[in-house]
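Throughout, numbering of the chain's residues begins at 1 and tracks the sequence.
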Amino acid sequence: MADLCEDIGGGATVQPTDRGPPVIRSIAMPADTNPAGDIFGGWLMAQMDLAAGNVAARRARGRCATLAVDAITFHHPVFVGDEVSLYAWLLKVGRSSLRIQVEVWRRERASEVTMKVTEATFTFVAIGEDRRPRPVPPAESGL
């Protein structure tokens, strides 16, 4: 997918326009900080897993489990009060697996300036009622 992000200087860019709306949008809160007072990377990873899991479950039309997270990269910190937007989209669908790209963007609370802060590729497996892998059904129109 082409990266349609406009550079507005200082490392800041406008959020992507080619990925649709964010899968999740949240406000980083004081409870989400590490001992240094910045937003804890684990909180961002959990949000990313939720976003990717939502995309996986919708495409697989059922339960999915995280199998792997590849190449997570933290580009910039997130601060208390930042609006955090998570974009997620399918890269590949296998027999029972789905690969999903996730990008996290932050917006300062009192500004319209945004910047990509984190990205990773998640692999999910579709699972049945027995918690065993199951085939991903054929795509429906619009998914």
Contact summary for [X] and [Y], nearest pair of heavy atoms:
X	Y	result
Cys64	Ala126	SG-CA, 3.9 Å
Val23	Ala88	CG2-N, 3.8 Å
Val78	Ala28	CG1-CB, 4.0 Å
Ser85	Arg25	OG-NE, 3.0 Å
Ser97	Thr123	CB-CG2, 4.4 Å
Met48	Phe122	CB-CZ, 3.6 Å

Is it the case that one hydrophobic cluster holds both [X] and [Y], taking links as side-chain heavy atoms less than 4.5 Å apart, direct or via other members?
X	Y	value
Met29	Leu44	no
Ile127	Leu98	no
Leu67	Met45	no
Leu50	Val125	no
Leu86	Ile27	no

What verdict does the side-chain contact (heavy atoms from CB on, under 4.5 Å) test give for Lys92 and Ile100, after you've listed the backbone C-alpha separation in whole Å, the side-chain angles of each residue and the deciding distance to 0.1 Å? CA-CA 7 Å; Lys92 182 180 178 185; Ile100 298 158; over 6 Å; no
Pro77: what forms a side chain to side chain contact (heavy atoms under 4.5 Å, CB included) with it, not counting sequence neighbours? Phe79
So does Arg109 pair up with Glu83, basic N to acidic O under 4.0 Å? no
Under 3.5 Å, side chain of [X] to main-chain N/O of [Y], donor-acceptor pair present?
X	Y	result
Ser111	Val113	yes
Asp130	Arg132	yes
Arg59	Pro137	yes
Arg95	Arg134	no

Sequence neighbours left out, what pairs pass side chain to side chain donor-acceptor pair (under 3.5 Å) with at least one residue falling in residues 27-45? Asp32-Trp43
Leu90 versus Val55: any side-chain heavy-atom pair under 4.5 Å? yes
Thr114 versus Arg107, side-chain donor and acceptor atoms under 3.5 Å: no
Just checking, is any N or O donor in the side chain of Thr73 or Glu119 under 3.5 Å from an acceptor N or O on the other one? no
With rounding to the nearest 0.5 Å, note down the distance linking CZ in Arg106 to CG in Asp82. 4.0 Å
Once you round to the nearest 0.5 Å, how far does NZ of Lys116 lie from CH2 of Trp105? 6.0 Å
If the test is side-chain contact (heavy atoms from CB on, under 4.5 Å), which one of Val117, Val104, Thr118 qualifies with His76? Val117
Output, in order, the C-alpha distance, side-chain angles, deciding distance and verdict of salt bridge (charged side-chain N to carboxylate O under 4.0 Å, His left out) for Glu129 and Arg63. CA-CA 8 Å; Glu129 293 294 324; Arg63 188 173 180 171; over 6 Å; no
